[in-house]
Structures are given as C-alpha cells and as structure tokens.
Amino acid sequence: MEQAEDTIFAIASGAGRAAIAVMRLSGPLCQVALATLSGGVVPPPRRAVLRRLRDAAGAVLDHAMVLWLPGPGTYSGEDSAELFLHGGRAVTDGVAMALVGLGLRPAEPGEFSRRAFLNGRMDLVEAEAVHDLIAAETEAQRRQALRQLDGELGRLYRAWSDRLRSMLAQQEALIDFPDEDLPPEVEAALEASLASLRSEIAEHLDDARRGEKLREGLVFAIAGLPNVGKSSLINALAGRDVAIVSATPGTTRDALETRVVFGGVPVTLVDTAGLRDTADAIEAEGVRRALQRAEDADLVIAVSDGTAPFPGVAASIRVTNKSDLGRAAASATIAVSALTGAGLDALRERLSEAARALTESAGPLPLTRARHRAALQEAKARLDAAAETTLPELRGEDLRLALRAIGRITGHVGVEDILDTLFGQFCIGK
Ligand code: GDP
C-alpha cells in the first residue's frame, strides 16, 4: 500500500484565526507522536483528554484537547489522532513544527480520504460524496451528497457489477461446455438478464443530467433588448449590485454572471448584453456571446419593458418589467417592477419551481458526475455490442469490458490512473 509508512498531519478545520483548530494525524507514528507531545503518556483510546503539548525542548505549545484513535476503525483506517488546538497561527505552526521534528509530514490534498479508500474504508463514489458534501452550498446539494455518502449510488453500481459477473459466469459455461447438454434455459436466462441490465442502465443515463446539474448548479440566462431593465432585475433578484445599471442603451457589454439560490439549487444568472443589432464591434461580440449563453442555458428568462418586443430567443419565462409604469405585454408570463419590487416574490417562486423541476428526481439517486456517466456510457455500449453478437467468445469479452467500466466507478478495478485526479481536488485535511 502506498505511503503506508508516512505519518501525515493537517489542519482539518478552516484556515485563519479561530477559537479552535483541529489538527488531524494519520499513520503509524501517531501513538508515539501523541505520547511525546503530551508528556510521555498515551491518552486512553477514543477519550477526549486535556493535555499540555510541548515541543522537543520542553516548551509548552498549547493546552489542548487530544484524541487517540487507534486503527483500523478510523476515517483513514490507520492509527489516527486529533488535536483540538487554540486556533491561532503561532500555536498551529508550533505544533506543526514539533510534528515534523517527530518525523511526520504535512498531508497532501485529499490524502486522508485517499488512505481511507486504499484501506477499504470507503469506495470512490463515497469519497466523491465527501468532497461534494464539503462543497455543498445549498440544502438540496447537501441532501444529494449525504445520500451518496450513505452508499446508495455505490450499492446500485456494485449490484450491477454483481449481475454482470454472474452473466459472465453463465457465458463462460456456454463457451467451455459447448457440446454438453447445458439446459437451453441458460442461454435464454443470460439474454434476459442482459436485456434488463441494458434497459436499467439506459434509464439511469437518461436522467436529463439532474444529479449533475444539482451538483454543478444551473444557468439561467436573462435576455432582452437594451434598457428593458435586465441588469436592474438581476440586482433585485440577487439582492446586491452586481450588474451595471445604466440609462444608456447597450452598456452591459459582456455577459455578467451572478450566483443566486432558487429552490435550494445554486443558479448562475447570466445577464446577456442587450440583444440588438449594433455597429460597435465590442458590443457585437457581447451580443454573440449572449446568444450563445442563452442557447446553452438551462432556462431563458425573456424580458420586455412593455414597449419593446420580447427578444427572438426561445424563452421559458416571459417577464414584463417596469410594471410601475403601467405597462404589461399581453404575452408575458409575469409582470414585475425591478424598481419597486412588485411581482418579484412571484417571479422568485416561479424560478424556484423551475430550478427544482430541472434537478429533482423522484426515486433512486441520480447520476451525479460526468466521470460516472462516461463509465456507464462505455458499459452500455459494451452491453449493446454483447447483445448484438452471436459469437460466445466475443460476447464474453464485451461483458468483461462492461464489468471493468462499471468497476471503475466505485474503484474496484483499474483505478490507479484516476486516483490522482480525484483526490487532488480535495482540500488538505480531508
Ligand atoms: P438593461 O439594459 O436591460 O440591463 O437595463 P437596465 O437595468 O440598465 O435599466 C435600464 C433603465 O431602466 C435604467 O434607467 C433603470 O433605472 C430603468 N429601470 C429598470 N427597471 C425599472 C422598473 O422596474 N421601473 C422603472 N420605472 N424603471 C426601471
């Protein structure tokens, strides 16, 4: 197992001054390091005790609560320890230097979770859930990450692997004993299992990317002719001045983005440049990009001010702004005033419903990552090939490749190449 000899440490709580900083240790030197720091006595396992921590010269570094957590029943699966230090820079630096002096080294990003994976404490899908849970900004994201952390997604993929393995065994039997009297049901059963697995994977893939969208956030584009009040509307929805509001048409030259939360889903609101024909080269580029953003967006909010027409883009919601001036377009979904705030709650509610509809999935946990999608698409392609071929050996090979593709998701086969990418995204201390 890689780096099993190294004992690592990192501040697991946030950076900066705080009441408490949690220093996390993992590896074979934990017990000795803890005893040396805290005056020669190892604290009882899994019991929080108060200790004076000292450096090699005997100078007191901190009064800290310490925890001795012998492996393997720990997060990383190794001997571990946690020090609850006073959260000042001089304290944490002093303890870090003392630990280095005892032969420990600072952890790399994600190294605790990487060790947890290598020691079989969690599969890759669960490790990704830890990352997502830390990154979760909204309740809906937290819920999805926690369900994944509970192993719901990993269990689904492992169940598919198990089924594939038994299909492979049946296929091997058909190859190895072609002339023996295998009951004809074997082949029929194999074909039936293949068909049902293909359709289950296809259904899982065909989820309008709900889980991925919830994890990554949605993009809503606001489109409309210049001066109808798009920037004002974004400011009103975001509750802060993010877009430049101006009475001169065409001032919002580039796409401006702001993050808001609608219905528990993070949404990037994109203010598109005023969509109009223009001779100004920079503004024309802004218009081109705006159209592209609107095309790629999960939802387009078209805005008019009651006098100007709606822009010529396919929009999901049509908003008439400046309702305080007593105008309202007949074809509008909703009338608001960015100036007075009239109608904004109703608009927010509509946008929240839309955000939920785009990300909520009834039933089982949806796909959450492009990495999983790619592997499942490969598995699906292999299974399709397996269903088409009549040559037993070729079918066996297709099933094997499908099994390997699914195994890569949870990390049960061929994972070396993805470990660095995956755990490198983690923060230090996780
Ligand atoms: P954009 O070009 O579409 O982004 O439009 P802006 O947000 O820059 O607004 C253009 C002008 O319309 C500014 O003078 C705003 O103050 C004004 N405006 C925006 N919303 C309203 C509104 O609801 N009522 C009124 N009366 N004026 C508004």
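Ligands are counted one by one from 1 in listed order, and the atoms in each one are counted from 1 as well. From a predicted model like this one, the values you see are computed outputs, not experimental measurements.
The environment of CZ in R52 is sparse: at most 12 heavy-atom neighbours from other residues, nucleotides or ligands sit within 6.0 Å.
Evaluation of the side chain to side chain donor-acceptor pair (under 3.5 Å) rule for E126 yields no partner, not counting sequence neighbours. Evaluation of the side chain to side chain donor-acceptor pair (under 3.5 Å) rule for S166 yields no partner, not counting sequence neighbours.
Each of the following atoms of ligand 1 lies closer than 4.0 Å to a heavy atom of K230: 1 (P), 2 (O), 3 (O), 4 (O), 5 (O), 7 (O). Distances below 4.0 Å separate heavy atoms of S232 from the following atoms of ligand 1: 6 (P), 7 (O), 9 (O), 15 (C), 19 (C), 20 (N). Which parts of ligand 1 touch L325 is read off a 4.0 Å heavy-atom cut-off, strictly below it: atoms 26 (N).
In terms of polar-atom proximity, defined here as any N/O pair under 3.5 Å, G229 does make such a contact with ligand 1.
Comparing A236, A338, S323 by heavy-atom distance to atom 23 (O) of ligand 1, the nearest is A338.
Each of L69, N119, V130 was evaluated against Y75; a single residue qualifies, V130, per the side chain to side chain contact (heavy atoms under 4.5 Å, CB included) test.
With a 4.0 Å cut-off on non-hydrogen atoms, D324 touches ligand 1 through its side chain and not its backbone. Residue L339 touches ligand 1 through backbone and side chain together, judged by heavy-atom distances below 4.0 Å.
Across all non-hydrogen atoms, the minimal contact from L237 to V260 is O-CG1, 4.3 Å.
Ring-plane geometry between Y157 and H204 is classed as perpendicular, the angle between the planes exceeding 60 degrees on a 0 to 90 degree scale with a lower cut at 30.
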